[in-house]
Visitor: 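Could you have a look at this structure, given as structure tokens, before my questions?
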Amino acid sequence: MNGRILVAYATRAGSTAGVAGAVTEVLRDAGYDTDLSLLNSDLMPEHYDAVILGGPIYMGAMREVEEYVRAHHAALESRFKAAFAVGMSFVEDDEEKRALARAALSKAISPFEPAHLGYFAGKTDPAKLSFLQKVALKVVSSPIGDFRDYEAIKAWALEVAGDLGGSHPA
Ligand SMILES: Cc1cc2nc3c(=O)[nH]c(=O)nc-3n(C[C@H](O)[C@H](O)[C@H](O)COP(=O)(O)O)c2cc1C
């Protein structure tokens with residue numbers, strides 16, 4: 001065990017990078033040797049002692065995370081410690097929407113059930129949306145703006161850091 005941690009995230013419009021960056025900062029501050037990377041199939045969990053995966057929800061799914069988990073299933077088995085989802089459903093006070101969004105993360109990482117699951121409000125930037133995407137958001141009356149709550153993200157990351165006991169800081 002050399003205590004290397006991977007924080008790997010997917011993003012389409014950039015906002016999840018901020019969330020993953022904040023998680024990484026907390027882990028580094030806690031003394032962990034932590035790599036931050038965009039999710040891609042060449043990323044090998046085998047090179048790490050602990051893996052944290054995150055991504056955005058689009059149309060009720062977390063496709064990139066799901067594909068990665070499928071492709072690296074065996075290597076993740078002993079290393080997958082935490083996962084997080086970023087979505088606008090976590091902005092609204094609507095339990096039905098939140099439950100659907102939580103289900104998107106569970107489905108994407110199935111059959112894994114890591115001890116730490118984070119659900120974070122994201123950001124929608126009208127300048128980055130196509131006409132059809134704007135229509136889609138309007139149909140589901142999704143809020144527009146940056147709702148990332150860095151205090152909540154860091155509090156979650158601290159909990160994860162506290163639980164990585166096996167992956168001792170270098
Ligand atoms: C077309 C579209 C569909 C979306 N669908 C969902 C959704 O089903 N559930 C949700 O919680 N958020 C949804 N969102 C919000 C995104 O998850 C949110 O904007 C997130 O911060 C995007 O992350 P990214 O900037 O890293 O791509 C959607 C956004 C767009 C533009």
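The structure displayed is predicted, hence computed values, not measured ones. Order of listing sets the numbers, starting from 1, for every ligand and every atom in it.
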Visitor: Atom 19 (O) of ligand 1: which protein heavy atom is closest, and how many Å away?
Guide: K123 O, 2.6 Å
Visitor: Hey, what's the ring geometry for F90 with Y119, parallel, tilted or perpendicular (30° and 60° as the breaks)?
Guide: tilted
Visitor: Would you say the side-chain atoms of S15 pair up with the backbone N or O of T124, donor to acceptor, closer than 3.5 Å?
Guide: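 Side chain of S15 to backbone of T124: no pair is present.
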Visitor: With respect to A101, determine whether any N or O atom, backbone or side chain, lies less than 3.5 Å from an N or O atom of ligand 1.
Guide: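 Not met; the criterion fails.
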Visitor: Between R79 and Y48, is there a donor-acceptor pair closer than 3.5 Å when you use the side chain of the first and the backbone of the second?
Guide: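 Flag set: sc R79 to bb Y48 pair under 3.5 Å.
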Visitor: Which ligand 1 atoms, with their elements, are less than 4.0 angstrom from a heavy-atom of L129?
Guide: 31 (C)
Visitor: Could you tell me whether the side chain of E64 reaches within less than 4.5 Å of the side chain of R12, counting heavy atoms only?
Guide: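 Yes, close enough: below the 4.5 Å cut-off.
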Visitor: Considering only non-hydrogen protein atoms, determine which one is nearest to atom 26 (O) of ligand 1 and report residue, atom name and distance to 0.1 Å.
Guide: T11 OG1, 2.5 Å
Visitor: Considering A61, A10, S15, which one's heavy-atom position lies nearest to atom 20 (C) of ligand 1?
Guide: S15
Visitor: What I want to find out is whether D163 reaches K81 closely enough, with some N-O distance under 4.0 Å, to be called a salt bridge.
Guide: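 Between K81 and D163 there is no salt bridge, as every charged N stays at least 4.0 Å from the carboxylate O atoms.
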Visitor: May I ask you to list the atoms of ligand 1 that are less than 4.0 angstrom from any heavy atom of G122?
Guide: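 Every atom of ligand 1 under 4.0 Å from some heavy atom of G122: 21 (O).
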Visitor: Given G87, S89, A136, which has its nearest heavy atom closest to atom 9 (N) of ligand 1?
Guide: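 When every heavy atom of G87, S89, A136 is considered, S89 comes closest to atom 9 (N) of ligand 1.
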Visitor: Is it true that atom CD of E113 has more than 12 heavy atoms of other residues, nucleotides or ligands lying nearer than 6.0 Å?
Guide: no
Visitor: Compute the shortest N/O to N/O distance between R12 and ligand 1 and return yes if it is under 3.5 Å, no if not.
Guide: yes
Visitor: Just need the protein heavy atom nearest to atom 4 (C) of ligand 1, so name the residue and atom and give the distance.
Guide: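 Minimum-distance protein heavy atom for atom 4 (C) of ligand 1 reads M59 N, 3.7 Å.
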Visitor: I'd like the name of whichever of M88, M62, E64 reaches closest to atom 15 (C) of ligand 1 through any heavy atom.
Guide: M88
Visitor: For residues Y32 and L36: do they belong to one hydrophobic cluster (side chain heavy atoms under 4.5 Å, members Ile, Leu, Val, Met, Phe, Trp, Tyr)?
Guide: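 As far as the 4.5 Å side-chain criterion goes, L36 and Y32 are connected within one cluster.
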Visitor: Who's closest to atom 2 (C) of ligand 1 heavy-atom-wise, of F120, Y9, Y58?
Guide: Y58
Visitor: Fit a plane to each ring of W156 and F84, take the angle between them on a 0 to 90° scale, and name the class: parallel (under 30°), tilted (30 to 60°) or perpendicular (over 60°).
Guide: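 Taking F84 first and then W156, their aromatic rings stand perpendicular (interplane angle over 60°).
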Visitor: Pick whichever of L137, T16, I57 has a heavy atom sitting closest to atom 17 (O) of ligand 1.
Guide: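 Minimum heavy-atom distance to atom 17 (O) of ligand 1 goes to I57.
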Visitor: Run the numbers for me: atoms of ligand 1, each under 4.0 Å from some heavy atom of V86, listed by number.
Guide: 17 (O), 21 (O)
